Amino acid sequence: MIAPSVRRCGEEDTLSVGEEFGPIIDAARCGASWALERLYTDLAPVVTGYARLQGSDEPDDLASDVFLGVFAGLAAFEGDERQFRSWVFTIAHRRLVDERRRRARRPVTVTDRIDLLDRRHGDAEEDALAALGRGRVDELCAQLSADQREVLLLRVVADLTVDQVAEVLGKSVGAVKALQRRGLTALRKKILLEGVPL
Amino acid sequence: MNEMRTQRQIDDATAEAVLRGDVVVPEFRPVAEFVQEVKAAGTVRVAPSRELAQRMATGDFSGIEPVAPPDSVGRQTRRRRMAGMGARARFATGMAVVLTACTGVTMAGAWPDGAQRTVDSIIKTVLPFTADERDESDEIADDVDTESPGVLEPAADPEPYSGIGRAEQSGESGRSASGTSEDELPASRPSDHPGRGDSDGKGSPGQKPSEHPGQGNSNGKGSPGQKPSEHPGQGNSSGQSSSADQTGGKSESRSAVRRR
């Protein structure tokens, strides 16, 4: 589906559906549950991670909400896997904006990071380490400005190109590049200043 | 100090390398490692909500508002940008769109008669061109030529033109003139107005001097049809082109207006 020349370095692991994307999206349009499941399995973790690092209160619910909208509008979608990915994150971004607006109208007091303790995969030590790692990532990401965080997360977690990020956020390519430069510079500075062990 | 400065700067290429997870210089390794940790945040499997799970199983998404497909995303972005604008900016953008559309319709002559005249007169006052005829731009170009300093020179010494002008009048047409002007004015005019030469039928540069008297005069060669008094009208007396006649008349009146 996608010519190798257009692929970026490290793209193979992110476009997991690959050449099967065409048949899968066709089947998903017809409502085939296996195809819908495949699309969800492929992108839901990334959408959830993006929502969580963006400070969503309920990242899992947000991801489910995103996929409800995506699957409902699948009949009108035309494009390749990369465009599909871009579309999904456009919706995720909008849902996040909606959530922030709702939160601004009805502020919720959060006393503790419940999500750090809420993950249970069977191995307590592994879960604790993973939670600590996530906590550090969350903390550093939260210190970035909203624009810088948005751009960096869409580039890193969602693995979108600069052009796609610009489209999702409604910004110019130059602005996105500037934000990612500033974001990385700020991250580096914070990592060095806080003496985070490397 | 220099070290501090280099620590603060990160260029696009380095940023891309860090984001891709490529090998980077030790200076940027902490950021690159952190980026990989961030990337890992998108690998945790999540279960769908109950509603989504049910709908995925059945393939039925009726009753859910579908999200606009990617094609209309750009339109929505524009709409969002407009929504973010202030009242003045929105008004200015709207006016620009309306004026551009009106100008386009006027240029196409698509208004009803009365409206066309009215709008055209408005546009004439605002823009440096009109919607009357397609050849207007050529006329303006001719007009510029008539105003060149070369126009005034022959008045002091009209002799060289008189005989040649007579030859033109006598029906020898611009061809003889073209020979002269072609030799003497090789490059400039024909390439400037290739369409004009073709529409003359003869396609000879002989028309050129009659249409662009100023140029011939500026050369001081006295080629036929370059005589200011003849102007395009005399060139046309040889029956080569009627459009050139109109052009000449308009350019004369225009140059008169400009002089005023």
Side-chain angles (χ1 to χ4, degrees), chain A residues 8-10 30-33 36-37 40-41 44-46 48-50 52-53 59-61 63-65 67-79 83 86-87 90-91 119 133-134 136-137 140-141 152-153 155-158 167 170 177 180-181 184-185 187-189 191-192 196 198, chain B residues 7-12 14-22 27-74 76-81 84:
Chain A
R8 293 181 301 121
C9 180
C30 300
S33 60
L36 296 168
E37 181 84 24
Y40 178 82
T41 312
V46 193
T48 310
Y50 167 72
R52 186 172 58 77
L53 290 173
D60 297 9
D61 290 351
S64 289
D65 190 32
F67 279 94
L68 277 171
V70 167
F71 292 151
L74 211 53
F77 173 78
E78 280 179 16
Q83 288 165 320
S86 180
W87 180 40
T90 303
I91 298 165
R119 312 281 172 184
R134 277 200 303 275
R136 182 191 166 222
V137 169
L140 279 172
C141 286
L152 285 181
L153 291 179
R155 290 295 328 266
V156 176
V157 180
E167 196 182 336
K177 282 184 177 173
Q180 81 180 15
R181 273 199 314 267
L184 287 172
T185 306
L187 267 180
R188 185 162 164 266
K189 196 177 170 186
I191 290 169
L192 292 174
V196 178
L198 305 171
Chain B
Q7 276 181 0
R8 281 176 195 162
Q9 288 174 349
I10 186 165
D11 58 292
D12 281 337
T14 311
E16 285 297 322
V18 167
L19 292 172
R20 277 198 306 262
D22 290 352
E27 196 182 344
F28 296 108
R29 206 164 288 155
V31 191
E33 284 172 3
F34 179 75
V35 163
Q36 293 311 307
E37 284 181 46
V38 174
K39 204 181 268 283
T43 55
V44 181
R45 284 178 171 272
V46 284
S49 65
R50 187 176 293 172
E51 186 190 6
L52 179 61
Q54 280 174 357
R55 287 183 182 269
M56 277 166 62
T58 58
D60 176 25
F61 291 90
S62 57
I64 295 173
E65 191 185 347
V67 180
D71 281 348
S72 56
V73 167
Q76 288 184 356
T77 307
R78 279 195 294 277
R79 240 179 271 147
R80 215 179 306 144
R81 277 186 193 154

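These figures come from a predicted structure and were not determined experimentally. Heavy atoms only: backbone and side chains are in, while hydrogens, waters and symmetry mates are out. Throughout, protein chains are lettered first and strands after them, A, B, ... in sequence-line order, and every chain is numbered starting at 1.
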*Going by heavy atoms in the side chains, are B:Leu19 and A:Leu152 under 4.5 Å from each other?*
yes
_Minimum side-chain heavy-atom gap A:Arg155-B:Glu16 below 4.5 Å_ =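 Yes. Closest side-chain heavy atoms under 4.5 Å.
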*With rounding to the nearest 0.5 Å, note down the distance linking CG in A:Leu140 to CZ in B:Phe34.*
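Atom-to-atom, A:Leu140:CG and B:Phe34:CZ are 4.0 Å apart.
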*Can you tell me how far CG of B:Leu52 sits from CG of A:Asp60, rounded to the nearest 0.5 angstrom?*
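CG of B:Leu52 is found 11.5 Å from CG of A:Asp60.
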If you look at every heavy atom in [X] and [Y], which pair is closest and at what distance?
{"X": "A:Arg181", "Y": "B:Ile10", "value": "CD-O, 3.0 Å"}
{"X": "B:Met56", "Y": "A:Ser33", "value": "O-CB, 3.0 Å"}
{"X": "A:Pro45", "Y": "B:Arg45", "value": "CG-CA, 4.3 Å"}

Side chain from CB out, backbone as N, CA, C, O: work out which of these in [X] comes under 4.5 Å of a heavy atom of chain B, or both, or neither.
{"X": "A:Thr41", "answer": "side chain"}
{"X": "A:Leu74", "answer": "neither"}
{"X": "A:Val156", "answer": "both"}
{"X": "A:Leu53", "answer": "side chain"}
{"X": "A:Gln180", "answer": "side chain"}
{"X": "A:Leu184", "answer": "both"}

*Taking the side chain from B:Arg55 and the backbone from A:Ala72, do they hold a donor-acceptor pair closer than 3.5 Å?*
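Not a single qualifying donor-acceptor pair exists.
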Pick from [options] with the largest number of heavy-atom pairs that fall under 4.5 Å of chain B:
{"options": "A:Asp65, A:Val46, A:Leu153", "answer": "A:Val46"}
{"options": "A:Asp61, A:Leu68, A:Ile91, A:Val157", "answer": "A:Leu68"}
{"options": "A:Ala63, A:Cys30, A:Gly49, A:Ser64", "answer": "A:Ser64"}

Region of [X] that comes under 4.5 Å of a non-hydrogen atom in chain A:
{"X": "B:Ala53", "answer": "neither"}
{"X": "B:Val38", "answer": "both"}
{"X": "B:Asp11", "answer": "backbone"}

*asked:* Restricting to ring-ring contact (aromatic ring centres under 6.0 Å, His included), what partner residues turn up for A:Phe67, sequence neighbours left out?
replied: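 Residues passing ring-ring contact (aromatic ring centres under 6.0 Å, His included) with A:Phe67: A:Tyr40, A:Phe71.
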*Sort out for me which of B:Pro48, B:Ala15, B:Ser49 touches chain A most, counting heavy-atom pairs under 4.5 Å.*
B:Pro48
